[in-house]
Amino acid sequence: MVKTNIVNDRGIPICKSMLAWLKWGNGATPQSTGKKGDHLIGDYYVEFDKHYRAEVRELQSRFEAEGMQQDAAKERAEKESPLMKEAHDMLVKWEQGDKEIRSLWRTMNDWVYAGFDETYRTMGVGFDKIYYESDTYLVGKQKVEEGLAKGLFYRRDDGSVWADLTANGLDEKLLLRADGTSVYMTQDIGTACLRYQDYPINRMVYVVGNEQDYHFQVLSILLDRLGLPWGKDIVHFSYGMVELPNGKMKSREGTVVDADDLMAKMIEDAKNVSADKVEKLTDITDDEANEIARRVGLGALKYFILKVDPKKNMLFDPEKSIDFNGNTGPFVQYTYARIKSILRKAGDVDLEAAKHATINDKEQALIQLLTTYPSVIEQAGKDFSPAQIANYVYDLVKEYNQFYHDYSVLNEPDSNIKAMRLLLSRCTANIIADALNLLGIEAPERM
RNA sequence: GCUCCUGUAGUUCAAUGGAUAGAAUAGAAGUUUCCUAAACUUUAGAUUCGGGUUCGAUUCCCGGCGGGAGUACCA
């Protein structure tokens with residue numbers, strides 16, 4: 001498996017941010033503002049939209065005063081907006097390689113990447129290969145030109161290039177604008193080709209939200225039409241959206257829950273929760289306490305998201321804090337920490353003695369659950385569903401907690417049974433750690 | 001308008017067409033001289049509505065009602 005990340009680093013949205021920064025930024029930098037680069041650029045994206053909407057409103061009412069219908073007036077206002085025109089002009093210049101624009105673009109992108117890197121690092125996310133749209137869009141453009149030459153696509157009078165998908169029961173799709181610049185689809189065609197060229201892969205999976213179902217349906221058809229044998233086999237793993245209580249997140253309008261803020265808040269919450277619990281751990285240093293809070297906070301967040309079937313939309317209320325009790329990451333982590341505590345005190349496990357132990361109901365149930373782990377992983381892989389792993393590890397941990405509550409390991413007088421329980425505990429801990437690792441969650445040795 | 005997704009306790013989530021629909025949380029009641037109570041136990045509470053297929057439907061099909069998304073020379 002090759003983990004790739006595709007960064008959409010060019011196009012209209014990027015130009016909007018650059019334009020807004022030029023107009024209203026007063027030369028602000030991450031250094032001068034103390035803001036993360038991606039946040040700073042995101043702010044100007046929102047800023048652009050604010051001015052744009054105000055401009056459209058004004059134009060619209062002027063057109064309406066001239067006697068136009070409301071909808072028509074709005075449409076015309078959006079089309080004729082000078083701000084949007086400026087953004088498009090900038091895009092044309094960018095594609096032409098205009099020195100100033102490219103230099104500004106490079107500077108601002110570097111800010112963004114630095115911000116992304118920081119977030120990925122905190123999150124514990126990494127990639128084998130990162131594709132930048134600014135590199136791949138030219139390949140896409142070339143493919144579109146080839147398709148045009150072969151008569152697979154067609155050019156309109158205004159110069160724009162389109163694919164007619166009505167034979168597939170879909171609409172017509174724009175591939176190149178009238179001014180010659182590329183769109184999202186152009187770039188994605190190029191990126192797909194490069195990914196197949198760069199790696200000997202038999203399948204390509206796009207992990208992208210279900211709001212883009214249509215886009216990937218079209219992409220697959222276009223790749224197939226271009227004669228790429230794998231075109232119709234690309235997999236769009238379409239995940240559900242995280243919804244807020246009052247609707248969808250919109251980056252343009254700034255109504256988003258920021259990942260950095262959320263992670264920081266979770267770690268902070270974990271620290272507060274730990275404060276009264278950690279009294280039990282008398283010999284703990286500040287560094288250790290911070291590390292526990294980090295693992296528990298991020299564990300709670302990741303588990304919260306991953307335990308839900310990825311295909312379904314889920315609801316997240318930022319006002320309510322994510323739980324640390326019940327079916328949660330910390331619940332799983334806590335069980336792990338308790339087992340590790342026992343194992344630390346016990347020392348080596350006598351495997352030979354364990355073989356001669358008798359087994360009670362709870363132990364049997366636990367063993368049975370442990371043996372199903374491989375098949376759970378296999379199924380989760382087939383279904384692309386981390387949720388299945390999360391649900392399994394939750395069941396396992398619940399089973400272990402009952403066992404832990406009902407029977408003592410260290411105080412068991414029968415040495416055979418004690419050895420068996422230690423072995424059982426060690427196996428459980430290993431599987432918890434393995435499952436959590438698959439979910440990208442770290443378990444603390446103590447908490 | 002057209003297309004797609006979706007509807008399970010108050011709330012957030014589970015359930016290859018199969019037995020009494022399973023958890024968590026919020027609510028009520030308990031458990032600590034005992035390996036970490038971020039735990040454990042008990043209790044009450046749900047399949048949107050109407051048809052159909054089937055021996056059997058939360059699951060599959062049709063319709064109504066509710067929620068979300070897409071339908072851009074945005075990504």
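Residue numbers begin at 1 in each chain, while the letters A, B, ... track the order of the sequences. All values below were derived from every heavy atom in this structure, side-chain atoms included, with hydrogens, water molecules and symmetry-related copies excluded.
If you check every strand for non-hydrogen atoms under 4.0 Å, A/Tyr394 touches sugar and phosphate atoms only. Using a 4.0 Å heavy-atom distance criterion, A/Met241 is classed as making no nucleic acid contact. Counting any heavy atom pair closer than 4.0 Å across all strands shown, A/Asp309 reaches sugar-phosphate atoms only and no base atom. Within the nucleic acid shown, A/Phe331 comes within 4.0 Å of sugar-phosphate atoms alone, with no base atom in reach, counting heavy atoms only. Using a 4.0 Å heavy-atom criterion, one finds that A/Glu243 contacts the sugar-phosphate atoms exclusively. A/Asp171 comes within 4.0 angstrom of the backbone, heavy atoms only, and of no base. Within 4.0 Å of A/Gln333, counting heavy atoms only, lies no atom of the nucleic acid at all. Contacts of A/Lys398 with the nucleic acid, taken as non-hydrogen atoms under 4.0 Å apart, involve only primed sugar atoms and P, OP1 or OP2. Counting non-hydrogen atoms under 4.0 angstrom, A/Val409 reaches a base of the nucleic acid. Residue contacts for A/Tyr407: at a heavy-atom cut-off of 4.0 Å it reaches a base atom on one of the strands shown.
Distances shorter than 4.0 Å separate some side-chain N or O of A/Lys312 from OP1 or OP2 on B/A14. Remark: A/Ser341 is not in phosphate contact with B/C35, judged by side-chain N or O atoms under 4.0 Å from OP1 or OP2. Phosphate contact (OP1/OP2 of B/A38, side-chain N/O of A/Tyr334, threshold under 4.0 Å): present. A sub-4.0 Å separation between OP1 or OP2 of B/U36 and a side-chain N or O of A/Lys345 is present. Residue A/Gln402 has a polar side-chain atom (N or O) positioned under 4.0 Å from OP1 or OP2 of B/U41. For A/His88, a side-chain nitrogen or oxygen approaches OP1 or OP2 of B/C74 to under 4.0 Å. Residue A/Arg344 has no polar side-chain atom (N or O) positioned under 4.0 Å from OP1 or OP2 of B/C35. Residue A/Arg338 has a polar side-chain atom (N or O) positioned under 4.0 Å from OP1 or OP2 of B/A37. Distances shorter than 4.0 Å separate none of the side-chain N or O atoms of A/Asn391 from OP1 or OP2 on B/C13.
Of the candidate nucleotides B/A75, B/C35, B/U36, B/C35 has the atom lying nearest to any side-chain atom of A/Ser408. Listed nucleotides: B/U12, B/C35, B/G70. Nearest to the side chain of A/Leu315: B/U12. Residue A/Met314 places its side chain closer to B/C13 than to any other of B/A38, B/C13, B/C73. Comparing atom distances between the A/Val308 side chain and each of B/A14, B/A38, B/C73 picks out B/A14 as nearest. Nearest to the side chain of A/Leu410, among B/A38, B/C35, B/U12, sits B/C35. With B/A24, B/C34, B/A75 as the choices, the nucleotide that has an atom nearest any side-chain atom of A/Asn411 turns out to be B/C34. Comparing atom distances between the A/Arg177 side chain and each of B/A69, B/A38, B/C73 picks out B/C73 as nearest. Listed nucleotides: B/C40, B/C35, B/A75. Nearest to the side chain of A/Asn401: B/C40.
What you find for A/Asn210 and A/Gly240 is that their closest heavy atoms are ND2-CA, 3.6 Å.
Results of the ring pair (Phe, Tyr, Trp, His ring centres under 6.0 Å) test with A/Tyr137 over A/Tyr132, A/Tyr184, A/Trp94, A/Tyr131 single out A/Trp94 as the only residue that passes. A side-chain contact (heavy atoms from CB on, under 4.5 Å) with A/Pro386 holds for exactly one of A/Asn391, A/Leu439, A/Ile305; it is A/Leu439.
Salt bridge annotation for A/Asp260-A/Lys36: present, with a cationic side-chain nitrogen under 4.0 angstrom from a carboxylate oxygen. Ion pairing between a basic and an acidic side chain is recognised when a charged N comes within 4.0 Å of a carboxylate O; A/Arg294 and A/Glu442 show such pairing. Salt bridge absent: A/Glu145 and A/Lys141 never bring a charged side-chain N and a carboxylate O closer than 4.0 Å. Between A/Asp49 and A/Arg53 there is a salt bridge, since a side-chain N of the basic residue sits under 4.0 Å from a carboxylate O of the acidic one.
B/G17 and B/U59 have their C1' atoms separated by 7 Å, given to the nearest Å. Across B/U16 and B/G30, the matching C1' atoms stand 39 Å from one another, rounded to whole Å. Comparing the same atom, C1', in B/A24 and in B/G18 gives a spacing of 26 Å after rounding to whole Å. Here the separation of B/A57 from B/U53, taken at their C1' atoms, is 10 Å to the nearest Å. Taking atom C1' on both B/G7 and B/C13, the two are 14 Å apart, rounded to the nearest angstrom. For the C1' atom pair drawn from B/U58 and B/A21, the interatomic distance equals 8 Å after rounding to whole Å. Distance noted for atom C1' between B/G66 and B/C73: 36 Å (whole Å). Using C1' as the reference atom, B/A72 and B/A15 are 40 Å apart when rounded to the nearest Å.
Distance check, rounded to the nearest 0.5 Å: CZ of A/Phe237 to OH of A/Tyr206 gives 16.0 Å.
Counting atom types as modelled, A/Thr335 pairs no side-chain N or O with a base atom of B/A38 as donor and acceptor under 3.5 Å.
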